[in-house]
Each structure stands twice: as C-alpha cells, then as structure tokens.
Amino acid sequence: MRSLILFLFLSIPVQIMSQESVNGKYEEYILTPAPPQSPRINSPSLYGLRPGSPLIYRVPCTGERPIEFEAEDIPEGVLLNKETGIMTGIIEKPGSYTMILKAKNSFGHFSREFTLDVGDKLALTPPMGWNSWYIHYDRISDKTMREAADQMIATGMADYGYQYVNIDDCWMMKLKSEDVDINGKRRDKQGVIIPNKRFPDMKGMADYIHAKGLKAGLYISPGPSTCAGYEGSYKHEAQDAATFADWGYDFLKYDWCSYRKVAGKKSDPDYFIRPYLLMWDELQKQDRDIVLNLCQYGMGNVWEWGGEVGNCWRTTGDLGLEERKNLPGFYSIGLSNARHAKYAIPGGWNDPDYILIGWVGNAHGMAEGTPTDLTPNEQYSYMSMWSLMAAPLIFSGDMAKLDKFTLNVLCNHEVIEVNQDPLGKQAMLLEKTDHQFVMVKPMIDGSISVGIFNLNDEVKKITITWDDLEISGNKHIRDLWRQKDLGTFSDRFITEIQPHGVTLIRLFNE
Ligand code: GAL
C-alpha cells in the first residue's frame with residue numbers, strides 16, 4: 001500500500017505553477033494563503049540586544065485587530081503594551097530570557113516562545129525591513145520616510161517581521177549643488193553633521209518610526225563624500241556615531257564610496273577593514289544598539305572578516321545595476337553570494353542587496369518607479385533564494401504602491417521562517433548547471449529547507465534524490481509557498497517547475 005501511495009506521489013507532478021502570458025503580461029498567480037483571522041505570532045523566535053540598551057520590538061502578529069497581547073515570564077525592566085504588542089524597556093543583566101508571548105482576539109488565541117538574548121550580539125536573525133534607495137534615490141524626504149513607516153504597518157508587512165525603515169543616501173547636504181534644499185553648510189561649528197532641508201528633524205523622524213514599534217536606519221560613507229556626492233563621515237566618525245545614537249537610529253549602512261581617495265596604500269593589510277573597524281568601535285560606545293551594514297561590494301574578501309566589524313556585509317556590486325544577460329541580475333548576484341555560505345553566522349550575514357520587486361526605479365539614471373519586469377515565477381525564485389541564503393530581507397521598492405501580488409511574495413510566514421531560523425545557517429548550493437540549481441538550508445529543528453530552481457525557458461521536471469541531499473529515511477514534505485503538506489517520501493522527490501520558477505519545500509523527519 002505504502003509503495004502504491006509513493007508511486008502516486010512520484011508520478012503526479014507535485015508543483016503545478018500556472019503562469020500563462022495574458023496579452024503579453026504574465027498572470028500574477030498568488031501562492032501565499034491569506035492569514036487566518038485568529039492571531040498568529042510570526043518569526044523570529046529570538047532577538048539580540050546589549051545590556052542597558054533600549055529595547056523596541058513590535059511582536060509580528062497577523063490576525064484581525066484588536067488583538068490583546070500578553071507575555072508570561074517577561075524579564076524585569078521590559079513592558080509589553082497589551083493593545084499594540086510593542087515591547088519596550090531595558091535589561092541590565094546579560095543572559096537569555098525566554099518568555100511565552102500570547103495573542104488573542106475574538107477568533108482565537110496563539111502562544112509561542114520568544115527569547116531576548118542580552119549579550120554582545122545584534123541581528124541574531126537577518127535584519128528585515130525597507131530601504132529608500134531603489135525607488136526614491138535623491139528624491140527622498142522626511143515625509144516619504146514617515147509614510148513608509150505608516151505603510152509598513154498598514155500593509156501588514158510589520159506583522160511578518162519587517163521592522164527597519166531605512167533612509168539610504170541623500171539625507172545630508174550635497175558637496176556641489178545648485179539646489180537650495182541640499183546646498184548648504186554641511187556641518188556646524190562643532191563639526192556636527194547638518195541634514196539637508198528635506199530632513200528638518202532627524203530625531204523627530206526616528207521618534208515617529210519608533211512610536212510604531214519599528215526601527216530607523218540611515219546611511220553614510222567613511223569617505224569625505226557618499227556615492228551620490230553628499231557629506232561623508234571622514235574624520236568625523238566618532239562624532240557621527242554619537243549623533244546617530246543621539247537621534248535614535250538603529251541601523252547604519254556604511255558605504256565605501258569615496259573612501260579610496262583617502263585610504264592610503266592598498267597593499268596595507270588593514271586597507272579594507274580599517275574604516276569599518278573604526279566605525280564599529282565607535283558604535284560599541286553608544287548606549288543604543290546600532291546594527292552595522294558594511295557596503296563595499298565584496299572587496300578584500302569581506303566575508304572573511306566582516307563578522308568582526310559588522311552585522312552584515314554586501315558581497316557584490318549593486319543588484320540594481322547588474323546587467324541582465326540570459327537571466328535577470330538577481331540570479332548572478334544571488335549565486336555569487338551563495339559561494340560564501342560558510343561565513344554566515346547569527347549576527348554576521350552575507351548581504352546580496354535588496355529585494356527589488358513591485359515598483360522600482362531603474363538605478364541607471366535614478367529613475368522614477370515602474371512595475372518590475374520580473375515574471376511572477378522569477379519573483380518567487382528571488383524571495384526563495386534570499387530566504388534560503390539567510391540574507392537580510394530588505395525590500396527597496398515603492399511602499400506606497402504595494403499590490404496584492406508583491407505582498408504575497410514578501411509576506412509568506414513559512415518562507416520567512418526559513419530566513420529567520422535561529423540556527424543561522426546559509427543554504428549550501430548543491431548542484432548548479434546552466435539549467436537548474438538546488439539550495440539546501442539546515443534548520444534548527446533538524447528539518448531541511450530545499451529550493452529547486454529551474455533556469456530553463458521551458459517547464460522542467462526535476463528529480464532530487466536523498467543521495468543528492470545526503471539524507472536518508474522517510475521524509476514528510478511541505479510546500480512552503482502554498483503552505484501545504486505534500487505527503488511522505490522515501491528516497492526522492494520529483495517536481496515540475498515553470499520557467500525560471502522554484503519549488504521551495506521543507507523536509508521533516510517522520
Ligand atoms: C552605492 C550602494 C547603493 C546605494 C548607493 C547610494 O554604492 O551600493 O546600495 O547605497 O551607493 O549612493
């Protein structure tokens with residue numbers, strides 16, 4: 001009987017992804033099931049902070065509001081707001097504090113364990129959020145940032161764990177410009193950086209974001225100017241770190257840009273690490289937690305040392321500038337990032353750049369946004385690769401134009417759980433040909449998440465065997481995009497995948 005069931009499973013194509021071209025446009029088929037009306041607390045299951053630093057954490061929870069939140073065994077010094085689910089406070093003593101988070105509404109209740117790890121490590125799971133670059137470029141303003149925070153709540157993204165609202169370049173004064181908004185004194189007499197006129201109140205903006213339980217991020221360069229030609233931190237590192245902390249920022253993207261001009265000789269062994277070490281040390285002195293994102297495009301094998309001076313590091317050039325060859329640029333960037341899997345650890349992640357879907361502006365020319373030209377299949381592949389690679393999940397499209405399809409790609413809690421798994425392993429690339437590849441990520445519960453990617457322009461049937469995966473025994477398999485159990489399999493799995501599509505599954509021991 002068992003072999004008959006197995007035969008049936010193996011002989012029907014397991015994944016049927018319909019993707020027909022309707023009037024030249026691909027049908028945007030939605031795989032992510034709608035969340036239940038009853039509460040569900042989503043990942044992560046742990047969060048790192050330093051002793052004495054202020055905590056702001058909004059419990060990511062779907063379900064019909066109002067939801068009532070409660071926590072059992074909440075550590076001393078921490079409060080959980082019953083109505084908003086926002087946790088605030090300070091924990092003075094290092095340690096691991098596990099509590100039971102509870103959420104209830106008129107449809108039901110939900111509870112799960114959640115750990116605050118108070119020590120010297122931040123970003124114990126990959127940072128999730130939004131960044132302004134690929135949609136607003138030098139048009140970014142205080143108003144747009146505040147609206148992005150509003151939208152993170154209104155669209156439900158925050159209920160899935162998205163929490164950083166990050167300005168990229170162009171919030172400072174520009175070195176050379178005719179525009180009165182951005183052309184002015186770059187620092188005051190004491191050397192404190194002066195934001196441009198589109199950012200009248202950097203502290204007020206961070207407070208606004210924090211009031212929603214979200215976190216604020218910003219950007220600068222270790223060089224005298226940023227890539228877009230705005231004021232950099234060179235020779236003001238300590239002062240800028242203190243200013244960013246004083247304003248209340250929680251995330252800093254530190255972009256090499258013009259640093260080369262002042263960097264000295266390249267043969268110097270410390271050449272690449274020096275500017276990051278300097279800023280890292282300054283951030284450690286602040287009385288708030290600031291996640292440091294290294295942006296220097298993978299120079300000097302940054303993956304080998306990035307974890308000593310930062311929480312995540314870009315491994316490649318800009319994804320938005322990557323040439324489309326036969327395939328869209330996210331494949332080459334992602335596959336290049338995949339090579340550094342062994343260096344990813346909790347608190348130190350390889351960063352293949354942002355999720356560019358929905359409405360994005362072409363980075364060549366910093367254009368206004370238009371809908372992505374990625375097919376739906378490609379978007380599922382993109383999100384699957386980033387999740388398997390434990391990459392920071394930072395969306396950089398238009399928050400004001402998030403449609404149902406884009407949200408279904410960004411907000412599938414089982415897919416995000418792969419990314420946010422506390423074991424913190426990056427998927428290994430198993431098999432890569434011109435036609436297909438497989439990524440395998442071990443999970444904390446002993447299961448494995450597997451992505452099978454079809455690079456062909458046609459539908460393809462792909463078989464993976466337990467030998468390929470180096471596993472044995474019966475496995476219970478779940479389709480993560482559809483959130484559906486597929487049954488029990490004993491030695492192989494066969495799947496039919498659409499052009500440039502993916503099958504993302506999780507294999508549990510029986
Ligand atoms: C690039 C960086 C981009 C963006 C841009 C801003 O160097 O890789 O992500 O930050 O600078 O000017």
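Since the structure is predicted, the reported quantities are computational estimates derived from the model, not experimental observations. Remember, it's 1-based here, ligands and their atoms both numbered in the order they're listed.
- Distances from atom 4 (C) of ligand 1 to the heavy atoms of Asp168, Leu321, Thr316, Leu319 show the closest one on Asp168.
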Start with the C-alpha gap between Leu55 and Tyr47, add the side-chain angles, then the distance that decides, and say whether side chain to side chain contact (heavy atoms under 4.5 Å, CB included) holds.
CA-CA 10 Å; Leu55 165 72; Tyr47 179 79; 3.6 Å; yes
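- Scanning the protein for heavy atoms near atom 9 (O) of ligand 1, the closest one is Lys253 NZ, 2.7 Å.
- Neither the backbone nor the side chain of Trp256 comes within 4.0 Å of ligand 1, counting heavy atoms alone.
- Under 4.0 angstrom from ligand 1, the non-hydrogen atoms of Cys295 all belong to its side chain.
- Checking only distances, Trp133 never comes within under 3.5 Å of ligand 1, N or O to N or O.
- An N or O contact shorter than 3.5 Å is missing between Asp353 and ligand 1 by distance.
- Heavy-atom proximity to Cys227, at under 4.0 Å, picks out these atoms of ligand 1: 1 (C), 7 (O), 11 (O), 12 (O).
- Ion pair Asp142/Arg146 flagged as a salt bridge, since at least one NZ, NE, NH1 or NH2 atom sits closer than 4.0 Å to an Asp/Glu carboxylate oxygen.
- Electrostatic pairing of Asp351 and Arg314 does not count as a salt bridge here, judged by no charged N lying under 4.0 Å from a carboxylate O.
- Taking atom 8 (O) of ligand 1 as the reference point, the nearest protein heavy-atom neighbour is Asp318 OD1, 2.6 Å.
- Lys404 pairs by the salt bridge (charged side-chain N to carboxylate O under 4.0 Å, His left out) definition with nothing, not counting sequence neighbours.
- Between Tyr354 and ligand 1, not a single N/O pair is under 3.5 Å apart.
- Ranking protein heavy atoms by distance to atom 12 (O) of ligand 1, first place goes to Asp169 OD2, 2.7 Å.
- Counted by atom type alone, Thr125 and Gln420 present one or more donor-acceptor pairs between their side chains at under 3.5 Å.
- For the ligand labelled ligand 1, residue Tyr297 lies inside the 4.0 Å heavy-atom shell.
- Checked by atom type, the side-chain pair Thr32/Asn408 shows a donor-acceptor distance below 3.5 Å.
- When only modelled atom types and interatomic distance are considered, Asp159 and His413 share no side-chain donor-acceptor pair under 3.5 Å.
- For atom 1 (C) of ligand 1, the nearest non-hydrogen atom from the set Asn293, Asp255, Thr226 belongs to Asp255.
- Considering only heavy atoms from C-beta on, Arg274 comes within 4.5 Å of Tyr259 through its side chain.
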